[in-house]
Amino acid sequence: MPAVWAMATNRLADQQGLVVRANRLCAGALVLYAVAAPIAWLHTMRWDDGWDDRVGSRIMLGGLLGLPASVAALLLVAALLEIIDQVIGEGARLRLMLESLMGASALFIVLWTVLLSTHPHAHGMSTAVPKTCMPVLMATVLTCVVVGLSVVLVVRAQLRRGPLLRHSAGAALASVGMTAVALGACAGWGPIVLLGGLMIPAGAALWFVGPAPQARTHDTESASPSSGLATGLVPVLAISFVAVHGYTQSQGIEMVTALVGISNGFFMAGRQYLAILDVRRANQRLADSESHFRELAHTDPLTGLANRRGLLRTLYLDAVNGPPCVLLTLDLDGFKNVNDMRGHDVGDAVLIEVGQRLRLNLRPGDLAARLGGDEFAVLMWSKQAEAAKVAQRLLNVLARPYQHGAADIFLSASIGLAGCAEADTVPTLLRNADLALRSAKQRGKNRVELYDEVYDRQLRRRTAIEHALRTAVDRDEFKLVYQPVVALPKYGMVGAEALIRWTHPELGTVTPLEFIPIAEETGQIEAVGAWVLNTACRQLSRWVADGYDVWVSVNISPRELHSTRYATAVKDVLRTHGVAPSRLVLEVTEHAVATDIDEFRRTLSALRALGVRIALDDFGAGYSSLGQLRSMPVDILKIDRSLVIDAPTDQGPGAPMVDVVVRLGQRLGLQVIAEGMSEPQHRKLVEAAGCPYGQGQLFGMGVPAEHLEAMLVASSTRGQAGQSGQPRPTGLPKPAGNGGMTMGIHGLVGNGTERHDTAVPTSGSS
């Protein structure tokens, strides 16, 4: 026993956390056994043949040994309960204790019955033990409780059962050994005393040797609620067996059996009550979890606002056939730059602050939601007029600077409004609000737009145009018309601008103002531009072959200039159709070049190196400075039509501007063409400014190639009927002075000499 005590002490020193108190309780039980067991062994060794007849001495010794056995069993029960708290969790102690009592009652009643039926002095003991050896009986009962609690603990545990099984078996073995020593001394069973004495250190070794049971963590799956019927069935069967056995032996049911049966009934009732409480708690936890996860499913994790699913839930439950409401959808203008320049962490912080500002500036009952990215929505229970006022206030609130990082962040918002009464379904309401938001974006951003049915029609037509554009070239639905460019003041035609037209079998006539922006946005402008260039050069080659001295200009998109292969593609088209590069003029708008001149300079320079002329279209309506103009690789300035049509007389406000542009072009060595000339007053204005070329309805609309050919014939006839010595106006530019390609193979000048008086000049820009 000293060795067992030393082992237990060392084990206590190493234990931390899980079963420290349990080990202390078990060690205390072993101390009692260490004191009581040697006494029993000493008396056993002194037993002689007359010991069986000394009933009083045996009962007295058993009583003295039963008292420490009972106390030790109680300590072991307390130790196992400590392990239950650590391994299974709080709240399981009472439930498992009741289950162990039911198992203990079954074990006790079987042992009691077997004892009465097999031992020769059993019937005498049945009356003597309760009176004079009550500690032995109590130790037996408590040992049954220890055994039952050990079994229940192992069965109910949800963790690895190896260490737990060893501790439970150790407690049960030690308790049985202690009780066996007391019972053997009381009944005069020497071998039982010796066997029990050996079981005590064996149980202590199982308890204290090896790793401690694993502690339960919060991640460990909890056991599902149990009714305890399986454990309750065991004592019922045991009591039924005892009752049947008693009646078959004509002994009936003894008082002890009856008391155990009655107690077991109370244990089962208590266990069932706890099972009901467990089920109720489990249902409540399930309901709380369901509510929690449902709320998470309808909440945006970043901002804490409702998400798209939460907004849809409210719309379907309350907005359909409900009170008047308005849906606002808003999008942050320029938020992508925040993520690109400051990082996504700062972007998330801005979104969180946007959510807070929305939440603080809405009325009670209104719902704010984040639909995704930088797009938000607000559902307001009000009429449109009131919602529009709130939306305007939100614009001001969201425009305040966001203080994140070293510098403030400035953003604006675009908001679209749609009334719930104007939509039959929730998807329609969302679509209407998105259309209003798109309209706000297209109209300049940082504004509020109310939904209008016009948006719907425009979107449908835009979508139809986008789909039809993909097959328009293959179906040969495009055609080119040519608007003449004339030399002033003789009206001799020198060239033409190729203009694209589209007639769709279902959409009808689609203007370039409709489909060109869509083609640029969807990336189809390159295919359309390639068709225009190829068709215009084919027609130009025919005119040149027929002896007409003209050039043709083609409008190009900034997206085409971004391509590194565009100059090569132009060269291939010119070679395919045998067109001299100097007869092709490529027009690019002033605004497109001025906003990205560094990007386009390389491509434009490569085109000029081919001998192709570059025209700066809509000059005067863009944003280029004089410094940019000097560095732009262009040959021709086309005066924007607004400068011409805004000056109905030579004294109008546009007259000085036209004169300035003409003089500027002359100073820079550029040729100037005035666009938009539709009335005689425009001609007078342009001629007075000294502009050499004009274009507009005054000289002809865009016409098919065959009609322009007739105009070329008429122009040639007028030139031949003019004054002698006056050359016929020609559209032939000079060869490029920068090493460009020569004039081609068709004999661009009929008499073999070049005329420069009315030709579009070569570049003189720096």
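Fair warning: this is a prediction, and the values are worked out from it, not measured in the lab.
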Treating [X] as the side-chain partner and [Y] as the backbone partner, does any N or O pair qualify as donor plus acceptor under 3.5 Å?
{"X": "R370", "Y": "G373", "answer": "yes"}
{"X": "E386", "Y": "K383", "answer": "no"}
{"X": "T299", "Y": "A306", "answer": "no"}
{"X": "T603", "Y": "L561", "answer": "yes"}
{"X": "R613", "Y": "G611", "answer": "yes"}
{"X": "W551", "Y": "V494", "answer": "yes"}
{"X": "D635", "Y": "Q671", "answer": "no"}
{"X": "Q524", "Y": "R470", "answer": "yes"}
{"X": "R309", "Y": "A297", "answer": "yes"}
{"X": "D300", "Y": "L371", "answer": "no"}

Between Y455 and E449: side-chain donor-acceptor atoms closer than 3.5 Å: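 The criterion, which ignores hydrogens and geometry beyond distance, is satisfied for E449 and Y455.
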Q384 and E422: side chain donor to acceptor below 3.5 Å: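 Judged by distance alone, the side chains do pair up.
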Can [X] and [Y] be counted as an ion pair, charged N to O under 4.0 angstrom?
{"X": "D434", "Y": "R431", "result": "no"}
{"X": "E520", "Y": "R559", "result": "no"}
{"X": "D333", "Y": "K441", "result": "yes"}
{"X": "R461", "Y": "E514", "result": "yes"}

Under the ring pair (Phe, Tyr, Trp, His ring centres under 6.0 Å) test, residues paired with H504 that sit two or more places apart: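 H504: ring pair (Phe, Tyr, Trp, His ring centres under 6.0 Å) contacts with W502.
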H562: ring pair (Phe, Tyr, Trp, His ring centres under 6.0 Å) partners, not counting sequence neighbours: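 Result, ring pair (Phe, Tyr, Trp, His ring centres under 6.0 Å) vs H562: F600.
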Nearest atoms (heavy-atom pairs only) where [X] meets [Y]:
{"X": "A674", "Y": "C691", "value": "N-SG, 3.7 Å"}
{"X": "V550", "Y": "L540", "value": "O-CD1, 3.8 Å"}
{"X": "L469", "Y": "F515", "value": "CD1-O, 3.8 Å"}
{"X": "E587", "Y": "S553", "value": "OE2-OG, 2.8 Å"}
{"X": "I415", "Y": "A440", "value": "O-CB, 3.8 Å"}
{"X": "P505", "Y": "E477", "value": "CD-OE2, 3.7 Å"}

Taking atom [atom1] of [X] as the centre, report whether more than 12 heavy atoms of other residues, nucleotides or ligands fall under 6.0 Å from it.
{"X": "Q403", "atom1": "CD", "value": "no"}
{"X": "R393", "atom1": "CZ", "value": "yes"}
{"X": "D424", "atom1": "CG", "value": "no"}
{"X": "R357", "atom1": "CZ", "value": "yes"}
{"X": "R475", "atom1": "CZ", "value": "no"}

Option from T303, D366, L330 for which side chain to side chain contact (heavy atoms under 4.5 Å, CB included) with L358 holds: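 Going through the options one by one, the only one that passes is L330.
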F699 six-ring face occupied by R683 cation (under 6.0 Å, within 45°):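 Judged by the rule, R683 and F699 form no cation-pi pair.
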Sequence neighbours excluded and cut-off under 3.5 Å, please list the side-chain donor-acceptor pairs for residues 526-536, or say none.
unit_1 : atom_1 : unit_2 : atom_2 : d
N534   : OD1    : H577   : NE2    : 2.9
T535   : OG1    : W531   : O      : 2.8

Side chains of L584 and L586 in contact at under 4.5 Å (non-hydrogen atoms):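 When only atoms from C-beta onward are counted, L586 and L584 do touch, with a gap below 4.5 Å.
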V481 vs V703 side-chain heavy atoms within contact, under 4.5 Å: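 Not touching, per the 4.5 Å side-chain cut-off.
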